[in-house]
Amino acid sequence: MYKITVLGGDGIGPEITAGAAEVLKAAAEKYNFDISFDYALLGGAAIDACGTPLPEETVKKCLACDAVLLGAVGGERWDSLAGDMRPEAGLLGIRKALGLYANLRPSRVFPSLRSASPLKLESSPCFDLMIVRELTGGIYFGRRGRGERNGTPYAFDTEEYSKPEIERIVKLAFELAQNRSGRLCSVDKANVLESSRFWRETVIDISAQYPDVELSHLYVDNCAMQLVKAPWQFDVIVTSNIFGDILSDEAAMISGSIGMLPSASLSDGSFGLYEPVHGSAPDIAGTNTANPLATILSAAMLLRISLEQEAAANAIESAVECVLEKMRTPDIYEDGLLTVGTDEMTAAVISHMRRENNEI
Ligand code: IPM
Ligand code: MG
């Protein structure tokens, strides 16, 4: 019996995780394994109920399960709270508490969504890239503060990485590259930042252990440009927390819709937390219009990586591809195709999986 903890979070989070949980149940039925769900609070929902964005009980429940499925956190309602009391602090806190240092953010073009990309992809090669973002270090966790110097107020955040922190994420990226097309691009700002020069030196040191992987380096500003110019040049990109945060939103958008992209946050071993790359979209919460596919695809990653249910993961992914040929949520609307809501899209993925079942 696999135990999954579901953290719905805020905005559309509860709706899309509920849908993805239904898909997981259907996959468990089809592939003969048992799965149970436990629910806990995170972000704004936790602030409202318990006065903190990351209650102790949530950490406990996450530590006691095989994998975590997360929706999204945040919303205007909590924007005026102090930094460490905001919903986002809950998300950063759970990543840290669970030791989830490796964030895998794939970005690829679904054939039927080529025209949804803001890039002119019709006449270009398809792309399928993986951003490996360091998730528990760097400036998001460094020393920060505010002060006043000679009557002038100031604020600061600190980017700092230890050698072991860089080594473990870079090794994971090299291993991923070995299992893909064998190319790894490390992204930094080594022309300006000392922490980036250290990052690059460490990457070069580690590369000696992976002679079969072709390594390149790019400055982050150049990488941002290359991603819109020719995204197909990339396979695996490895980078720091802040650069990965920014580049992964860019990579998500060029794939057609940020509503399509899943992610996995991993520690050593098979445990992981899975969440869509998009945010909590409070403006459309409760309207049954959110695209559930990023969360459903995150559930597929959960099955593949944490539960080692490869066949079930493949079944979900192929059901998503088929369903996209026929229907769309408003964010990926296309003339001539049925426009559906969150629930209908989820139900279609499930029924496609079940139909496949009958064929087998
Ligand atoms: C993400 C988000 C988060 C991050 C925020 C909500 C704290 O932007 O997962 O990319 O910066 O990591
Ligand atoms: Mg982000």
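As the structure lists them, so they are numbered: ligands from 1, and atoms in each ligand from 1.
A donor-acceptor contact under 3.5 angstrom links the side chains of N103 and S265, judged on distance only. In summary, the side chains of N314 and R304 do present a donor paired with an acceptor at a separation below 3.5 Å, with no hydrogens or angles considered. A side-chain donor-acceptor contact under 3.5 Å links D335 and Y333.
Using a 4.0 Å heavy-atom cutoff, R133 is listed among the residues neighbouring ligand 1. Not a single heavy atom of E275 lies less than 4.0 angstrom from ligand 1.
Distances between N or O atoms of D245 and those of ligand 1 include at least one value under 3.5 Å.
The ring pair (Phe, Tyr, Trp, His ring centres under 6.0 Å) test with Y2 is passed by exactly one of F271, F37, F33: F33.
Within the coordination shell of the Mg ion (ligand 2), defined by N, O or S atoms under 2.8 Å, D245 is present.
The residue R86 has no part lying near ligand 1, judged by heavy-atom distances below 4.0 Å.
Residue contact check: Y140 has heavy atoms under 4.0 Å from atoms 11 (O) of ligand 1.
No donor-acceptor pair closer than 3.5 Å links the side chain of R86 to the backbone N or O of A82.
Side-chain contact between Y39 and K61 is absent, with no heavy atoms from C-beta onward closer than 4.5 Å.
Annotation: atom 1 (C) of ligand 1 to nearest protein heavy atom, R105 NH2, 3.4 Å. Nearest protein heavy-atom contact of atom 6 (C) of ligand 1 is E88 CG, 3.7 Å.
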